[in-house]
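First comes the structure, then the notes that go with it.
Below, all heavy atoms of this structure are taken into account, side chains as well, without hydrogens, waters or symmetry copies.
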Amino acid sequence: MKLNIQDTFNKELPADPITENYVRQVENACFSFVTPTKTVNPQILHVSPEMLENLGLSKDDSQTEEFKNVFTGNEILTNTQPYAMCYGGHQFGNWAGQLGDGRAINLTEIVHNNKRWAIQLKGSGKTPYSRTADGLAVLRSSIREYLCSEAMFHLGVPTTRALSLALSGDPVLRDMLYNGNPAYEKGAIVSRIAPSFLRFGNYQILAVRNDVPTLKTLVDYTIKHFYAELGTPSKETYLQFFKKVAENNLEMVIHWQRVGFVHGVMNTDNMSILGLTIDYGPYGWLEGYDYGWTPNTTDSQHKRYRYGNQPNIVLWNLYQLANALYPLIGETEGLEAILSDFGTSFEKKYLNMMRSKIGLFTENENDQKLIQELENNLHLTETDMTIFYRNLSRFTKENMESGFKTIQDAFYNTNEQSLELIESWEKWFESYSQRLLLEKETDTERAEKMNRINPKYVLRNYMAQLAIDAADKGDYSIIDELFNLLKNPYSEQENQEKWFAKRPDWARNKVGCSMLSCSS
Ligand code: AMP
Ligand code: MG
């Protein structure tokens, strides 16, 4: 196995001088060196062929003992020095102090085809940032992270990637529902890949500690490697940097809203400086279109991270990043201007994204109202988001009366359709048909375009759970089936219609399907 190793993070940034592995506060440093914990009986369960290729590895490489050992933390690549990053974060709105890579260990960075990739193991043992926890991950959460990060990539959503999913062979104790019933589960390790795993929290912790020199070093490092087009560091460059980070995160959240992804734990330690979806925990996919939905039971009271609130939270998190960058800039005006642009920019981009979902590719001043009415209607009765938009593409100008019929498959309750519901939709379809007359596409052309924006297949919560339940019994075939299905989320796939279906009734209130905790 030959990787083109080119470390920068652990070479260019200040390291924690202590190399023993015990829990501590780490100051004046960006990371601590740490070795992954060896596991009893590692077993690779799945490998992403696309990521192998991105790293310059072959399928044969992935079948070697070396591959298995390296990507489960049992063997360290020569000339590499694994490490855990130091970061802090706001959790559910409150500053939580130092967090850091408690169960992630960065192995190395490689460059292939001029692209830099950092390789990280999740679940390979304790680090100085593990606090009171064990540094491990269980199979269910690892399957969810593995499948979802690759699925998100194929949906066109900026995300960290995953290379491999493995069993560690070690049991892991978890109280899944936090109700005093801990049980042993299978331990697992995902190797995940991204240009960088830097989070808002990496900058915040330095600012909070008033460690401006290290903050400057880290920001300069980030610009040099990931925002190189901004040029030499200066106050103006730092502002431009913040602007870019804001734009990238705005872009990301618009995609989330487009595909119905709800992250579930948008704490500032889970916000990527590159605007990537990062840290797949108690995330979920909208089934019924509901602004108030959150998959995370830990958040069920305030629903801070509910679907409809995600863009606001991105902005809230950007305020925290602005605070962290302030010491390098020394004045608030520029930062405030960028933050206030976010709102206007969001409105515009959201509107365009929603236009495209319903097949409008030009702008009209009444579109905002049309889309608002659409969203109101989608909330009238539980309506499956994915099926709704997919079916909407079948609506034709020739058959304008057929609107309600086209979409009614998306309703969860098909028996009870109130007059109010039918009338609201008929009214909406009237406006929609009028609006469509202003577009140049034929029905077929519009449908084709819409179907490249509205996925047919997403990783519905119950689908991941089916893969998990089978894997718990040693059957990994559903992981492979879903992995392949989700490579082409916008295409019609023969023999896969069964995955284009509403959530089955058994999954409505099942743990893991609609209710997820942070316990992973
Ligand atoms: P999260 O919000 O789940 O991404 O994690 C919040 C913080 O808790 C991060 O610093 C994680 O590294 C840490 N953490 C979560 N689970 C574990 C675990 N099992 N062992 C050690 N640290 C953990
Ligand atoms: Mg996290």
Side-chain angles (χ1 to χ4, degrees), residues 9-10 12-37 81-107 118 120-137 160 192 194 196-222 245 263 265-274 278-279 281 298-299 304-305 313 316-328 518-520:
F9 196 91
N10 61 358
E12 297 175 21
L13 294 167
D16 173 6
I18 303 174
T19 52
E20 283 132 276
N21 191 357
Y22 63 90
V23 173
R24 58 183 175 270
Q25 292 293 305
V26 174
E27 302 203 356
N28 306 311
C30 293
F31 65 93
S32 307
F33 289 111
V34 63
T35 310
T37 305
Q81 265 190 300
Y83 59 95
M85 289 184 185
C86 179
Y87 56 77
H90 279 86
Q91 297 185 315
F92 297 94
N94 305 304
W95 177 244
Q98 179 183 298
L99 299 166
D101 286 332
R103 57 153 159 195
I105 296 181
N106 302 276
L107 295 183
Q120 184 175 86
L121 301 183
K122 186 165 174 182
S124 65
K126 285 188 186 174
T127 77
Y129 309 95
S130 296
R131 297 178 292 158
T132 56
D134 57 11
L136 304 175
T160 61
R192 49 181 199 178
S196 168
F197 288 95
L198 278 164
R199 302 133 193 277
F200 289 10
N202 292 78
Y203 308 84
Q204 284 186 285
I205 189 78
L206 299 168
V208 163
R209 288 171 170 167
N210 216 1
D211 182 359
V212 182
T214 312
L215 176 67
K216 182 175 180 336
T217 310
L218 181 62
V219 173
D220 291 353
Y221 166 88
T222 314
V245 175
H263 183 284
V265 213
M266 296 174 68
N267 293 334
T268 58
D269 51 302
N270 292 336
M271 294 293 294
S272 147
I273 203 71
L274 304 182
I278 191 171
D279 280 12
T298 317
D299 192 27
R304 178 181 172 87
Y305 298 141
I313 293 292
W316 193 92
N317 289 340
L318 284 166
Y319 268 92
Q320 311 316 313
L321 181 65
N323 278 331
L325 297 178
Y326 171 79
L328 302 184
C518 287
S519 156
S520 56

How long is the span from the [atom1] atom in [X] to the [atom2] atom in [Y], to the nearest 0.5 Å?
X: Asn323; Y: Tyr203; atom1: CG; atom2: OH; result: 16.0 Å
X: Ile273; Y: Thr222; atom1: CD1; atom2: OG1; result: 6.5 Å
X: Gln91; Y: Cys518; atom1: CD; atom2: SG; result: 8.5 Å
X: Lys122; Y: Phe197; atom1: NZ; atom2: CZ; result: 9.5 Å
X: Asn317; Y: Met271; atom1: CG; atom2: CE; result: 4.5 Å
X: Arg199; Y: Asp279; atom1: CZ; atom2: CG; result: 4.0 Å

Tell me the closest heavy-atom pair linking [X] and [Y], and the distance in Å.
X: Ser32; Y: Val26; result: OG-CG2, 3.7 Å
X: Asn21; Y: Lys126; result: ND2-O, 2.9 Å
X: Thr268; Y: Gly89; result: OG1-CA, 3.2 Å
X: Arg192; Y: Ala104; result: NH2-CB, 4.3 Å
X: Ile18; Y: Arg24; result: O-NH2, 3.2 Å
X: Ala324; Y: Leu215; result: O-CD2, 3.2 Å

[X] side chain near [Y] side chain, heavy-atom distance below 4.5 Å:
X: Thr127; Y: Tyr83; answer: no
X: Pro14; Y: Asn28; answer: no
X: Gln98; Y: Ile205; answer: yes
X: Phe200; Y: His90; answer: no
X: Trp95; Y: Val208; answer: yes
X: Asp211; Y: Glu27; answer: no
X: Leu198; Y: Tyr221; answer: yes
X: Asp101; Y: Gln120; answer: yes

Any donor-acceptor N or O pair under 3.5 Å, side chains Tyr305, Asn267: yes
- prompt: Could you walk me through whether Leu206 and Lys216 pass the side-chain contact (heavy atoms from CB on, under 4.5 Å) check?
  reply: CA-CA 9 Å; Leu206 299 168; Lys216 182 175 180 336; over 6 Å; no
message: My understanding is that only residues two or more places apart in sequence, or in another chain, count here; which of them pass side chain to side chain contact (heavy atoms under 4.5 Å, CB included) with Val212?
response: Asn210, Pro327, Leu328
query: Has the side chain of Arg103 got a donor or acceptor atom that lies under 3.5 Å from a matching backbone atom of Gly123?
result: no
His263 side-chain N/O to Gly281 backbone N/O, donor-acceptor pair under 3.5 Å: no
